[in-house]
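In what follows, a single structure is set out as structure tokens and then discussed.
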Amino acid sequence: MTFGRPVPARGPLRPALPALSLCLALLGATPAAADVTVGVAVPRSGPYVAVGEQVLRGVQAAARDANAMGGLDGQPVTLDVQDDACDSNTAVAVANHFVRSGVRLVVGHVCSNASLAASDIYAQNGMVMITAASVAAKLTDRGLPTIFRVCGRDDDQARLSAAVLAERFRDRKIALIQDQTPAARALAAATKDNLNRIGINEALFLSFQPSDADDAALVDRLKGAGIEVVYYGGDAAEMGRLVKIAAERGFRPQWFGTSAIATPDFAKIAGPASNGVLMTFYLDPSRQPAAAAVVKAFKAEGVDPTGSTIYGYAAMQALVAAGNFAHSTDPRPIAQALHTERFDLVLGTVGFDAKGDVTAQGYVLYVWKDGAFTPAGK
């Protein structure tokens, strides 16, 4: 893999992946004056910890691989990792920390509400931010020139969800539920709009507050209404609890989740009832030739690079590739390179459009079976 310039695709990547344990050279030591510090904002507390850890593992691995090949514009990369807890106010505090610390390149955030809140600060200060997991369309629709993402958009995800519901479950009683979090609310609303445009009306559109009592009451209400398909855009832990509680109460609809449940935690919580659950998620790069060497190296370390791990790798890899192409650590030429060039990444040979969205393939339908998810096919 070449971090330094845009190149045509050449098949599998070939870097060796150093040990994945936290090391002082990246996280614990005070960076030398010549080092390039990249801020990493991920949830290390709260309900999205599992996704945050996936992204962080990918970022750490990509930084180490970059350093093994000369760093960013010849300078070693160090990481300043901060916990934003997927909270908007905390994300603003993290962004201000990066500004005060002189950090000008950021991989983050994970949750869309956190990215939206922090990205205004990054844009105002001329900093590059690239997220591996924030899907809100508004993040890039504002046209902020230094804000990018390597993942998909929620409007694309909602369109696919509605298309699948219409194609597979047109004659079933469908419920769209959301837990009042920004991501779940936005996905439920967008899926409803797309479904209704196709000419299909849901049987129920419900909002609930996650808790043991409310989860059981929600399941009983869905069961009593004869619901056959349940769409939910919430996190892996809550989706897992709902699926498990429903199975225990003899209610087994077709559950349909989103990219928020693309973590083994979902299957661990739901147990055997997770089998058959559908989910929309980005194209899984861990199955693609461009990521083969990186995936092999992760697995050699005993790490399953599932979910957003490879997207975390891609986000860091893109920053380094753009910096090496521009021969600069300055965010302005790096942003320009990201917008105008194409790079050989673990996602394939990709670029970024005028909004900052990656040109890689979008969402795919998956199905859970035996604790893992695979493409659902037709």
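Note that this is a predicted model, so its numbers are computed, not measured. Heads up: numbering here begins at 1 and tracks the sequence.
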| task | For the pair Tyr366 and Phe373, name the ring-plane relationship: parallel under 30°, tilted 30 to 60°, perpendicular over 60°. | result | perpendicular
| query | Do Asn113 and Ser88 have side-chain atoms, one donor and one acceptor, less than 3.5 Å apart? | reply | yes
| task | For Arg332, look at atom CZ and say whether over 12 heavy atoms of other residues, nucleotides or ligands are found less than 6.0 Å away. | result | no
| Can you name the closest pair of heavy atoms from Ala137 and Arg153 and give their distance? | CB-NH2, 3.3 Å
| request: List the steps and the verdict of side chain to side chain contact (heavy atoms under 4.5 Å, CB included) for Ile334 and Arg104. | output: CA-CA 11 Å; Ile334 287 176; Arg104 299 186 296 172; over 6 Å; no
| Do Phe98 and Val320 sit in the same hydrophobic cluster, where Ile, Leu, Val, Met, Phe, Trp and Tyr count as joined when their side-chain heavy atoms come under 4.5 Å apart? | no
| said: Within the supplied structure, the quantity of interest is the number of heavy atoms (other residues, nucleotides, ligands) at a distance under 6.0 Å from Arg252 CZ; does it exceed 12? | reply: no
| Heavy-atom donor-acceptor pair, Gln54 side chain to Gly312 backbone, under 3.5 Å | no
| Any donor-acceptor N/O pair, Lys244 side chain to Gly271 backbone, under 3.5 Å | no
| remark: Residues Gly226 and Lys173: closest non-hydrogen pair is O-CD, 3.5 Å
| said: Using a 3.5 Å distance criterion without hydrogens, assess whether the side chain of Asp357 forms a donor-acceptor pair with backbone atoms of Asp353. | reply: no
| task | Please check if the side chain of Thr280 supplies one atom and the backbone of Leu365 the other of a donor-acceptor pair under 3.5 Å. | result | no
| request: Enter the distance from Thr309:OG1 to Gln60:CD here, rounded to the nearest 0.5 Å. | output: 11.0 Å
| field | Arg159/Asp156 under salt bridge (Lys or Arg N to Asp or Glu O under 4.0 Å): CA gap, chis, key distance, verdict | value | CA-CA 5 Å; Arg159 278 191 288 271; Asp156 291 336; 2.4 Å; yes
| task | Could you check if a side-chain atom of Glu202 sits within less than 4.5 angstrom of a side-chain atom of Asn196, using non-hydrogen atoms only? | result | yes
| field | Leu165 backbone acceptor or donor facing Arg168 side chain under 3.5 Å | value | no
| What heavy-atom pair brings Val128 and Pro331 nearest, and what distance separates the two atoms? | CG2-O, 3.4 Å
| task | Determine whether Val135 and Tyr122 fall in the same hydrophobic cluster, where Ile, Leu, Val, Met, Phe, Trp and Tyr are linked whenever their side-chain heavy atoms lie under 4.5 Å apart. | result | no
| query | Is the closest side-chain donor-acceptor distance between Asp304 and Thr306 under 3.5 Å? | reply | no
| field | Test item: Asn194 side-chain N/O and Ala190 main-chain N/O as donor-acceptor pair under 3.5 Å | value | yes
| request: Report yes if the side chains of Ile174 and Phe256 come closer than 4.5 Å at any heavy-atom pair, otherwise no. | output: no
| Near Arg221 CZ, under 6.0 Å, is it more than 12 heavy atoms from other residues, nucleotides or ligands? | no
| message | Taking Ala136's backbone N and O only, do any of them form a donor-acceptor pair with Arg149's side chain (distance below 3.5 Å, no angle check)? | response | yes
| Close side-chain approach of His339 to Phe148, heavy-atom, < 4.5 Å | yes
| request: Report yes or no: does Gln317 contribute a side-chain atom to a donor-acceptor pair with the main-chain N or O of Val346 at less than 3.5 Å? | output: yes
| said: Quick check: is Met239 connected to Leu160 through a chain of hydrophobic side chains (ILVMFWY, heavy atoms under 4.5 Å apart)? | reply: yes
| Considering all heavy atoms, the nearest Gly351-Arg342 contact | N-NH1, 3.9 Å
| Closest contact, heavy atoms only, Leu195 versus Ala166 | CD1-N, 4.2 Å
| query | Does the pair Thr37 and Asp80 meet the rule for a side chain to side chain donor-acceptor pair (under 3.5 Å), with working shown? | reply | CA-CA 7 Å; Thr37 301; Asp80 180 355; over 6 Å; no
| What distance separates Phe266 CZ from Trp255 CH2, expressed to the nearest 0.5 Å? | 9.0 Å
| said: If you compare all heavy atoms of Asp154 against all heavy atoms of Ala186, which two are closest, and at what distance to 0.1 Å? | reply: OD2-CB, 4.3 Å
| field | Aromatic plane relationship, Phe208 with Tyr232 - under 30° parallel, 30 to 60° tilted, over 60° perpendicular | value | tilted
| message | Is any side-chain heavy atom of Pro43 closer than 4.5 Å to one of Asp84? | response | yes
| message | What verdict does the side chain to side chain donor-acceptor pair (under 3.5 Å) test give for Thr78 and Asp35, after you've listed the backbone C-alpha separation in whole Å, the side-chain angles of each residue and the deciding distance to 0.1 Å? | response | CA-CA 7 Å; Thr78 61; Asp35 291 359; 4.7 Å; no
| said: With heavy-atom distances below 4.5 Å as the criterion, would you say the side chains of Asp65 and Met316 are in contact? | reply: no
| query | Is there a side-chain contact between Val99 and Gln124, using heavy atoms and a 4.5 Å cut-off? | reply | no
| Test item: side-chain donor near acceptor, Thr329 and Asp73, under 3.5 Å | no
| request: Indicate yes or no: at least one non-hydrogen side-chain atom of Arg44 is less than 4.5 angstrom from one of Glu53. | output: yes
| message | Assigning hydrophobic clusters by single linkage (Ile, Leu, Val, Met, Phe, Trp, Tyr; side-chain heavy-atom cutoff under 4.5 Å), is Leu222 placed with Leu187? | response | yes
| said: Side-chain heavy atoms nearer than 4.5 Å, only ILVMFWY residues, links allowed to pass through others: does that put Val229 and Trp368 together? | reply: yes
| Asp284 (side chain) donor-acceptor with Ser286 (main chain) under 3.5 angstrom | yes
| field | Interatomic spacing from CD in Gln75 to CG in Asn324 - rounded to 0.5 Å | value | 10.5 Å
| Can you check side chain to side chain contact (heavy atoms under 4.5 Å, CB included) on Phe281 and Ile261, steps first, answer last? | CA-CA 9 Å; Phe281 187 53; Ile261 68 168; over 6 Å; no
| task | Report yes or no: does Thr191 contribute a side-chain atom to a donor-acceptor pair with the main-chain N or O of Ala188 at less than 3.5 Å? | result | no
| query | Do Met129 and Thr146 have side-chain heavy atoms sitting under 4.5 Å apart? | reply | no
| message | Tell me if the aromatic rings of Tyr282 and Tyr363 count as close, with their centers under 6.0 Å from one another. | response | yes
